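The structure appears below as structure tokens.
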Amino acid sequence: MGKATLYTAVTLDGYIAKSDGSVAFLDDPMYQLPDEDYGYRSFYDSIDVVLMGYNTYKQVSEFEIDYPYASKKSIIISSSEIAVSEKGVVVSTDAAEDVLRKLKLSDQNTWIIGGGATNARVHEAGLIDEMILTYLPITLGSGIPLFRSNNTSQDWKNIGSRSFPNGLVQITLARKLSLIHI
């Protein structure tokens with residue numbers, strides 16, 4: 001069975017992006033440390049597939065760099081067919097939770113990149129096995145939350161944490177097996 005991991009940066013007030021989807025605040029030099037990638041390379045090497053919603057894909061494709069996940073299969077969840085030019089990128093109009101179930105059953109380790117709606121759907125379906133959340137010492141006041149509203153409460157176990165000299169704190173959480181629907 002493949003593992004599904006939500007790996008992302010999040011603000012202290014629980015946002016993964018500004019209301020307009022912008023993540024430019026992540027580029028603050030304060031968050032850069034020499035020779036530190038916050039475990040990214042090791043994590044990236046451990047996954048087979050990246051899964052993201054259309055709005056997240058749109059934001060990533062507007063970066064002033066080449067598509068950063070070109071060495072992995074990418075699945076974009078969209079309510080309608082969209083054209084993509086990057087090699088290895090597939091668009092699916094299936095529900096995110098259905099796509100992720102199939103990936104897990106085919107023994108593929110999946111990085112859930114987001115955004116908030118995609119995160120909420122797979123959370124509500126109980127499909128996230130692990131979360132690696134890097135908290136930034138910033139509050140935005142409003143924005144796109146880590147999880148959009150959903151009807152599931154889950155228990156998580158902290159299986160590791162790291163603090164960095166620039167104020168970032170990274171926690172790794174594993175899902176406990178019980179689901180509580182509220």
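One-based numbering along the sequence shown. Computed from a prediction, not measured in an experiment: that's the story for all the values here. Basis for what follows: all heavy atoms, side chains included, without hydrogens, waters or symmetry-related copies.
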Sequence neighbours left out, what passes salt bridge (charged side-chain N to carboxylate O under 4.0 Å, His left out) with Asp98? Give chain and number order.
Arg101
With sequence neighbours left out, what residues match Tyr135 under ring-ring contact (aromatic ring centres under 6.0 Å, His included)?
none
For Tyr44, give me all partners under ring-ring contact (aromatic ring centres under 6.0 Å, His included), at least two apart in sequence or on another chain.
Tyr40
Those residues that, when tested against Thr134, pass side chain to side chain donor-acceptor pair (under 3.5 Å) (two or more places apart):
Gln170
Applying side chain to side chain donor-acceptor pair (under 3.5 Å) to Tyr67 and not counting sequence neighbours gives Ser74
For Glu62, give me all partners under side-chain contact (heavy atoms from CB on, under 4.5 Å), at least two apart in sequence or on another chain.
Lys58, Gln59
ring-ring contact (aromatic ring centres under 6.0 Å, His included) partners of Tyr38, counting only residues at least two apart:
Phe164
Side chains of Thr8 and Leu133: does their closest heavy-atom pair fall under 4.5 Å?
yes
Any pair with a residue in residues 80-94 that passes side-chain hydrogen bond (donor to acceptor under 3.5 Å, both in side chains), sequence neighbours left out, goes on the list, sorted by first then second residue, please.
Tyr57-Glu86
Does Tyr7 have any ring-ring contact (aromatic ring centres under 6.0 Å, His included) partners at least two apart in sequence or in another chain, and if so, which?
Phe43, Trp111
Could you list the residues that satisfy side-chain contact (heavy atoms from CB on, under 4.5 Å) with Ala174, not counting sequence neighbours?
Ile159
Between Glu130 and Lys3 (salt bridge meaning N to carboxylate O under 4.0 Å), is one present in this structure?
yes
What residues form a salt bridge (charged side-chain N to carboxylate O under 4.0 Å, His left out) with Asp45, not counting sequence neighbours?
Arg41
Listed by chain and number, what are the side-chain contact (heavy atoms from CB on, under 4.5 Å) partners of Ser106, not counting sequence neighbours?
Gln108
